[in-house]
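Down below is the structure, laid out as structure tokens.
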Amino acid sequence: MSGWAPGGALASNVEVTATTVQRGDIIQLGGQACRVSDLIQLPQGGKQLLFESGELLTMHARTRLAAVRMQRRR
């Protein structure tokens with residue numbers, strides 16, 4: 001599913017893994033939307049995500065999460 005977000009951006013729901021997660025992705029954790037601000041590569045394919053709120057999440061190489069990805073309109 002995708003739709004237009006305020007500011008002319010296209011928002012789409014995507015499934016992310018440690019390989020495909022990107023800065024700016026919004027992941028809902030415990031009912032709270034968290035935007036990824038930085039990524040740190042870990043051994044064996046994992047990644048540590050730093051959110052704008054300062055919280056950290058470690059993704060195992062096989063972790064799959066639902067996220068919203070904002071794409072600028074061209």
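None of these values were measured; they are calculated from a predicted model.
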>> Using the rule given for side chain to side chain contact (heavy atoms under 4.5 Å, CB included), can you reason through Asp38 versus Arg23, listing the C-alpha separation, both sets of side-chain angles and the distance that settles it, and then say yes or no?
In response: CA-CA 6 Å; Asp38 200 11; Arg23 285 183 181 91; 2.8 Å; yes
> What distance separates Asp25 CG from Met70 CE, expressed to the nearest 0.5 Å?
Replying inline: 11.0 Å
> Quick one: OG1 on Thr20 to NZ on Lys47, what's the gap to the nearest 0.5 Å?
Replying inline: 8.0 Å
>> According to salt bridge (charged side-chain N to carboxylate O under 4.0 Å, His left out), who are the partners of Glu52, at least two apart in sequence or on a separate chain?
In response: Arg35
> Mind checking who shares a hydrophobic cluster with Leu29, ILVMFWY linked at side-chain heavy-atom distances under 4.5 Å?
Replying inline: Val14, Val16, Val21, Ile27, Val36, Leu39, Leu49, Phe51, Leu57, Met59, Leu65
> Which hydrophobic side chains are connected to Leu50, either touching it within the sub-4.5 Å cutoff or through other members that do?
Replying inline: Leu56
> At their closest point, which heavy atom of Ala18 faces which heavy atom of Ala61, and how far apart are they?
Replying inline: CB-CA, 4.3 Å
>> Could you measure the distance from the NE2 atom of His60 to the CG atom of Leu42? Nearest 0.5 Å is fine.
In response: 10.5 Å
>> I'd like to know whether CD of Gln44 has more than 12 heavy-atom contacts from other residues, nucleotides or ligands below 6.0 angstrom.
In response: no
